[in-house]
Amino acid sequence: MKLTRFRMLLKLEIKRTLKLMPKMIVSAMILLALVIGIAIGANGLLSEGVELETENKITIGVVCFEESKLMDYAKRILSSTESINSVVDLRFVDEEEAEAMLERGEAMAVVVIPNNIISDIIKGKNTPLEVKFPDNAGYEAAMFKEISETAANMLSTAQAAIYSVYDFYYENDEGYYIDDALDRLNSKYIQMVLFRESIYDNTTVVVTGELSVMEYYVVSGAVIFMFLLGMNVVSLISNYKKEVVIFLKQNGVGEFKQIMARISSMTLVYILMSMLIVTIMSVFGICELGVALRVILTIIPASILVSSVVLCVYVWLKNKSGTVIVLFLFTMIQGFVTGAFVPEVMLPEVVLGVSRFMPAKYIIEMFKGAYQNNISVMFSGMVIVFIASIISIAFTLLGYKLMVRKVANS
């Protein structure tokens with residue numbers, strides 16, 4: 001009998017949902033057009049090539065205390081490397097002129113190269129470079145600092161290999177082979193430096209990982225679309241009257257079953273909408289059939305999570321207009337911190353830390369796994385989304401119990 005009452009409630013919720021579907025489809029198409037516009041704009045921003053003119057180069061002052069043939073050779077390599085010259089204007093100056101360049105704002109940074117740096121690198125001795133920045137350094141200086149730290153880490157890795165050579169030959173009492181081994185190792189390093197530009201002739205480096213820029217924004221846009229659609233799904237929610245609430249509880253349909261009936265009807269909207277869109281994309285060749293089937297599989301847990309989040313916001317605010325505003329702001333914040341607008345590799349660490357608490361991050365990862373046919377990533381994402389759904393439903397249930405108690409006591 002109790003199960004029958006729940007089925008009746010579920011049937012009523014689904015029936016009301018299906019009646020509103022035409023309206024929801026029109027609203028969804030408008031939202032989809034908005035999300036596609038954002039994706040196309042972001043795709044153009046990341047894809048377009050930018051020609052750097054000479055006046056737009058970054059000026060770096062270099063103070064070099066070492067005078068040797070090897071250093072002269074290193075200077076010539078730096079000065080003749082196209083990838084460096086296209087973005088950096090290296091100026092070899094003395095220490096006094098370098099300080100003046102920083103004070104006048106003519107240099108973004110000054111690199112001080114100590115004496116014997118070349119021989120120390122070859123021998124594996126850790127002799128750090130000094131990088132100076134102006135007092136009013138902007139974001140460009142911060143970027144250069146990150147690059148400098150990365151270069152220092154790469155250099156320490158190279159030096160670790162040299163230390164390993166020493167340790168290996170000394171441990172085996174064959175120290176007389178060290179010089180020959182170091183010569184071979186350093187020749188490899190020099191070869192990698194001299195021919196490093198060839199990687200860009202054979203490898204496409206993108207900020208969106210294994211996905212193309214367009215694929216990345218299709219995946220991210222799908223998640224943003226689901227959360228924005230929540231603003232329309234709110235129209236499906238209506239408060240039960242006091243008599244209905246009491247009747248349902250008396251017949252064994254408690255708060256948990258009531259919210260699960262609502263989440264089920266909202267999830268149905270997401271599944272139907274998503275299947276419609278994915279089917280259209282598959283028919284027009286935008287995505288392959290296998291990709292479409294995997295995406296449809298991941299849409300189910302994603303729909304449950306988004307539906308529970310939408311209902312959770314509503315039961316705590318108890319106001320549809322407020323829910324719509326909060327959902328919009330929450331979606332925009334999620335889009336920024338999870339890399340839906342700007343790829344994650346271009347975001348600061350603080351923002352990436354915040355993204356770990358956003359449901360959109362894990363839905364995006366789940367969709368990426370489905371798109372790339374990476375089953376392990378897809379299923380691990382589904383597990384995390386399932387756990388997040390449980391947490392969201394728990395908060396929804398807590399808020400709904402308080403709301404029902406207030407209605408019953410009114």
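Residues take their numbers from the sequence shown, with the count starting at 1.
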Test side-chain contact (heavy atoms from CB on, under 4.5 Å) applied to Phe386 and Met382, step by step: CA-CA 6 Å; Phe386 177 72; Met382 291 174 74; over 6 Å; no
Test side-chain contact (heavy atoms from CB on, under 4.5 Å) applied to Val112 and Lys132, step by step: CA-CA 8 Å; Val112 180; Lys132 299 180 179 180; 4.2 Å; yes
Working for side-chain contact (heavy atoms from CB on, under 4.5 Å), residues Tyr314 and Asn319: CA-CA 6 Å; Tyr314 175 78; Asn319 181 280; over 6 Å; no
Verdict with supporting geometry, Ile363 and Phe227, side-chain contact (heavy atoms from CB on, under 4.5 Å): CA-CA 11 Å; Ile363 299 177; Phe227 277 95; 4.1 Å; yes
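Between Pro301 and Met366 the shortest heavy-atom distance is CG-SD, 4.0 Å. In this structure, Ala98 and Val63 approach most closely via the heavy-atom pair CB-CG2, 3.4 Å. The two residues Leu311 and Ile259 have their closest heavy-atom pair at CD2-O, 3.9 Å. Nearest heavy atoms, Ser303 versus Thr267: CB-CG2, 3.6 Å. Here the closest heavy-atom approach between residue Asp94 and residue Glu97 is recorded as OD1-N, 2.7 Å. Taking each heavy atom of Thr396 and Cys312 in turn, the nearest pair found is OG1-CB, 3.0 Å.
A heavy-atom distance below 4.5 Å is not found between the side chains of Lys368 and Asn374. Taking the side chain as every heavy atom from C-beta outward, Ile333 and Met358 approach each other to under 4.5 Å. Two residues are said to be in side-chain contact when any heavy atoms from C-beta on lie closer than 4.5 Å; Asp89 and Ile60 fail this criterion. In this structure, Met231 and Thr323 have side chains that are not in contact, with every pair of non-hydrogen atoms separated by 4.5 Å or more. In this structure, Ile393 and Ile263 have side chains that are in contact, with non-hydrogen atoms separated by less than 4.5 Å. Side-chain contact between Ser380 and Tyr362 is absent, with no heavy-atom pair separated by less than 4.5 Å. Taking 4.5 Å as the limit, every side-chain heavy atom of Val313 sits out of range of all side-chain heavy atoms of Phe330. Side-chain contact between Phe367 and Val223: present, with at least one pair of heavy atoms (C-beta onward) separated by less than 4.5 Å.
Between the side chains of Ser392 and Ser308, at least one donor N or O lies within less than 3.5 Å of an accepting N or O.
The line from OG of Ser264 to NZ of Lys257 is 12.5 Å long, rounded to the nearest 0.5 Å. Atom CD in Gln372 sits 12.0 Å away from atom CE in Met378 (nearest 0.5 Å). Atom CD of Gln334 sits about 10.0 Å away from atom OG of Ser355, to the nearest 0.5 Å. Here the straight-line distance linking atom CH2 of Trp316 with atom NZ of Lys318 works out to 7.0 Å at 0.5 Å rounding.
Between the side chain of Glu255 and the backbone N or O of Lys401, no donor-acceptor pair lies under 3.5 Å.
The local environment of CZ in Phe395 is sparse, with at most 12 non-hydrogen atoms from other residues, nucleotides or ligands closer than 6.0 Å.
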Run the side-chain donor-acceptor check on residues 291-300: report pairs under 3.5 Å with partners two or more places apart or on a different chain.
residue : atom : partner : partner atom : Å
Arg294  : NE   : Ala370  : O            : 2.7
Arg294  : NH1  : Asn373  : OD1          : 3.4
Arg294  : NH2  : Ala370  : O            : 3.3
Thr298  : OG1  : Arg294  : O            : 3.4
Thr298  : OG1  : Val295  : O            : 2.7

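Among pairs with a residue in residues 106-117, those fulfilling salt bridge (charged side-chain N to carboxylate O under 4.0 Å, His left out) read Arg104-Glu106, at least two apart in sequence or across chains.
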